[in-house]
K.L.:
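Take a look at this one; I'll ask things after.
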There are 2 protein chains.
Amino acid sequence: MDRRQRKTREAIFNAFTGLLAKKDFAAITVGEIIEKADVGRATFYAHFETKDYLLKELNEELFCHVFDSMMDSAVNHRHIFDCKESDSLFLHLLYHIYRNDNHILDLFSSVNNELFLRYFKNCMINLLSARKDVTEKSKPKNVPSDFWINHIASAFIECIRWWTDGNAHLAPSEVSDYFLVSVNLKEDFDEKNVDCC
Amino acid sequence: MDRRQRKTREAIFNAFTGLLAKKDFAAITVGEIIEKADVGRATFYAHFETKDYLLKELNEELFCHVFDSMMDSAVNHRHIFDCKESDSLFLHLLYHIYRNDNHILDLFSSVNNELFLRYFKNCMINLLSARKDVTEKSKPKNVPSDFWINHIASAFIECIRWWTDGNAHLAPSEVSDYFLVSVNLKEDFDEKNVDCC
DNA sequence: CAGAAATCGAACATTCTGTTCGCTTTTATG
DNA sequence: CATAAAAGCGAACAGAATGTTCGATTTCTG
């Protein structure tokens, strides 16, 4: 890829994430983006068909490698899902989000775009489907698998939204615990301690 | 309220829900609405500030009375949440949706509007908060109440979306079971039977 | 019936979108 | 290094949608 192309792409992404931090996706115009990115209008449209595609490509830029590497781990090294570390998958994602590179957090914020959430949920579902045998363990009997996978994926996303939306002071590990317990991927963490005493 | 106002309002709502059945909220224009409703442009704006407000008022028209009456039941007649009928609340809502008056189903469909889901979720959270003592029973220890309430409300909505989005052939009672089991408001329904044998 | 209120419809400024085109700068290649 | 191909510029443009305005007309209310 041409250096000019890379630079333009980068400039547009930066301008876009910068704007996303301040306002709704829907409220952002192409005009604002190109002004902030300092590129020509025609150039923008040469790179991205529409504003929606821009978001889609940003999503992929931000998350594809994460999900892909997880998918690999899931398939190759089962440990990422293994008993003791059954939470490492989710915790890893939460840390990734926590670091907030490129304002990832803003993408989850409740005022923002359905499009991104749809994409993210899809990735989660794919990932979980690749290791059905594990989700199957926590699944209540007689509930369909795809219902359960959808439930876990949705719950994870909504958990993140709850986190970013007024509970941002909590640590990823804490949020991870809440989530895992809620979807039966972990026993109640303090109950254990109580049992021990 | 003037008969003319009522009629105009009604016509706009009908045109709007009709269009929602066919296309995304975002893709619907005011022009289409007024054409289908057969009212003047100025008239539309005399009734609704924007398209978003139209959706908001439609939401209220469709769901306010349901949530309000449930809220009353929750406060006055505790039975709606009582052990045996702990599911009647959700089942009631599912039936309401199932009847699909005014194309309620379309509002949940994944291609549609974040705005409506936000509204609906808010109603659910209010409703559940009014009977915290019940959600508290199913709540895992050491998970914050508001996390748990958010979890249940979200899970319910995502359950409906799963239902309307490719599993519409299932009966409300079945979906209700899946949901309740998933959030620990009911024991696994068939496990019981197994126990009996 | 008379005044008030709602609607009409047609026009209007404004904003945003997505495209086009001729010209300039940058890059890759032989 | 020379040069053609690729990328970007910027200005202009048509088209669509938004939200407003206003005088004329219809419908309601008292």
Side-chain angles (χ1 to χ4, degrees), chain A residues 1-61 106 111-116 118-119, chain B residues 1-61 106-107 111-116 118:
Chain A
M1 196 187 231
D2 200 299
R3 179 195 298 142
R4 288 168 298 179
Q5 285 188 60
R6 279 199 311 272
K7 279 187 144 183
T8 299
R9 215 180 140 81
E10 176 97 7
I12 290 175
F13 274 148
N14 283 340
F16 184 47
T17 51
L19 289 167
L20 268 177
K22 285 188 207 128
K23 40 164 51 177
D24 287 18
F25 170 73
I28 296 172
T29 68
V30 176
E32 288 174 297
I33 298 173
I34 64 174
E35 192 205 12
K36 197 164 180 188
D38 194 29
V39 301
R41 186 168 197 77
T43 307
F44 176 91
Y45 283 106
H47 280 263
F48 306 99
E49 207 172 324
T50 65
K51 211 178 55 169
D52 283 4
Y53 277 102
L54 167 59
L55 177 60
K56 185 171 168 264
E57 299 210 14
L58 176 64
N59 291 338
E60 279 163 14
E61 191 98 352
D106 299 318
V111 292
N112 268 320
N113 76 83
E114 149 105 43
L115 228 55
F116 163 73
R118 201 146 75 222
Y119 168 82
Chain B
M1 197 188 229
D2 200 299
R3 179 195 298 143
R4 288 169 297 179
Q5 287 188 57
R6 278 199 312 272
K7 281 187 143 182
T8 299
R9 214 179 140 83
E10 177 97 6
I12 290 175
F13 274 148
N14 284 339
F16 184 47
T17 52
L19 288 168
L20 268 177
K22 284 187 208 131
K23 40 162 56 178
D24 287 18
F25 170 72
I28 296 172
T29 67
V30 174
E32 289 175 297
I33 299 172
I34 63 175
E35 192 206 13
K36 196 164 180 188
D38 195 29
V39 301
R41 187 166 197 77
T43 307
F44 176 91
Y45 283 106
H47 280 261
F48 306 98
E49 206 173 323
T50 66
K51 212 178 55 172
D52 283 5
Y53 277 102
L54 167 59
L55 176 61
K56 186 172 168 261
E57 298 210 15
L58 176 63
N59 289 339
E60 279 163 15
E61 191 97 353
D106 299 317
L107 291 176
V111 291
N112 269 319
N113 77 83
E114 147 109 41
L115 229 56
F116 163 72
R118 201 146 74 221

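Every chain is numbered from 1, with letters handed out A, B, ... down the list of sequences. What you see is a predicted model; the values in this text were computed from it and never measured.
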K.L.:
Look up atom CD1 in A:Ile28 and atom CG in A:Leu19, then write down how far apart they are to the nearest 0.5 Å.
P.N.:
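Here the interatomic distance stands at 5.0 Å.
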
K.L.:
Report the distance from atom CD of B:Glu35 to atom C1' of C:dC8, rounded to the nearest whole Å.
P.N.:
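In whole Å, C:dC8 C1' and B:Glu35 CD are 16 Å from each other.
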
K.L.:
Under the 6.0 Å and 45° cation-pi test, does A:Lys51 pair with A:Phe25?
P.N.:
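So A:Lys51 does make the cation-pi contact.
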
K.L.:
Consider the side chain of A:Gln5, meaning its heavy atoms from C-beta on, and name the nucleotide among C:dC16, D:dA7, D:dA17 that approaches it most closely.
P.N.:
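The answer is D:dA7.
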
K.L.:
Quick check on the 6.0 Å ring-centre criterion: do A:Phe16 and A:Phe48 meet it?
P.N.:
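Ring centroids of A:Phe16 and A:Phe48 are no less than 6.0 Å from each other.
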
K.L.:
Rounded to whole angstroms, how far apart are CD1 on B:Ile12 and P on C:dT7?
P.N.:
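That distance rounds to 8 Å.
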
K.L.:
Which nucleotide in the list C:dC16, D:dC9, C:dT7 gets nearest to the side chain of A:Thr43?
P.N.:
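Per side-chain heavy atoms of A:Thr43, the pick is D:dC9.
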
K.L.:
Would you call B:Arg118-B:Glu114 a salt bridge at under 4.0 Å N-O?
P.N.:
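Yes, this pair counts.
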
K.L.:
Can you tell me if the side-chain N/O atoms of B:Thr29 get under 4.0 Å from OP1 or OP2 in D:dA16?
P.N.:
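B:Thr29 to D:dA16 OP1/OP2: no side-chain N or O under 4.0 Å.
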
K.L.:
Considering the options A:Asp2, A:Thr43, A:Asp38, which one meets the side chain to side chain contact (heavy atoms under 4.5 Å, CB included) requirement together with A:Thr8?
P.N.:
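Result: among A:Asp2, A:Thr43, A:Asp38, A:Thr43 is the only option passing the side chain to side chain contact (heavy atoms under 4.5 Å, CB included) with A:Thr8.
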
K.L.:
If the sugar-phosphate is the primed atoms plus P, OP1 and OP2 and the base is the rest, what is the B/S/- string for nucleotides 20-30 of chain C, using protein heavy atoms under 4.0 Å?
P.N.:
B----BBS---

K.L.:
Going through the checks in order, is the salt bridge (charged side-chain N to carboxylate O under 4.0 Å, His left out) test met by B:Lys56 and B:Glu60?
P.N.:
CA-CA 6 Å; B:Lys56 186 172 168 261; B:Glu60 279 163 15; 3.7 Å; yes

K.L.:
I'd like to know if B:Lys22 and B:Glu32 make a salt bridge, using a cut-off of under 4.0 Å between side-chain N and carboxylate O.
P.N.:
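No, no charged N to carboxylate O under 4.0 Å.
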
K.L.:
Which residues in residues 47-57 of chain A have a heavy atom closer than 4.0 Å to any atom of DNA chain C?
P.N.:
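Heavy-atom contacts with DNA chain C come from A:Thr50.
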
K.L.:
When the distance from CD1 of B:Ile28 to C1' of D:dA16 is rounded to whole Å, what number comes out?
P.N.:
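Those two atoms, CD1 and C1', are 17 Å apart.
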
K.L.:
Starting at atom CZ of B:Phe44, determine the distance to atom P of C:dG9, rounded to an integer number of angstrom.
P.N.:
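From B:Phe44 CZ to C:dG9 P: 17 Å.
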
K.L.:
Taking 4.0 Å as the cut-off, does a side-chain nitrogen or oxygen of A:Tyr45 come that near to OP1 or OP2 on C:dT19?
P.N.:
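Indeed not, no polar side-chain atom of A:Tyr45 lies that close.
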
K.L.:
Could you check, using the six-membered ring where one of them is a Trp, whether A:Tyr53 and A:Tyr45 have ring centers closer than 6.0 angstrom?
P.N.:
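No, they do not, as the ring centres are separated by 6.0 Å or more.
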
K.L.:
Working note: A:Arg3 + A:Glu10, criterion salt bridge (charged side-chain N to carboxylate O under 4.0 Å, His left out); need CA distance, chi angles, decisive distance, verdict.
P.N.:
CA-CA 10 Å; A:Arg3 179 195 298 142; A:Glu10 176 97 7; over 6 Å; no

K.L.:
Using atom CD1 of B:Ile33 as one end and atom C1' of D:dA17 as the other, report the distance to the nearest whole Å.
P.N.:
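Rounded to the whole Å, the gap is 12 Å.
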
K.L.:
Tell me the interatomic distance from B:Ile34, atom CD1, to C:dT7, atom P, rounded to whole angstroms.
P.N.:
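It is 13 Å, rounded to the nearest whole Å.
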
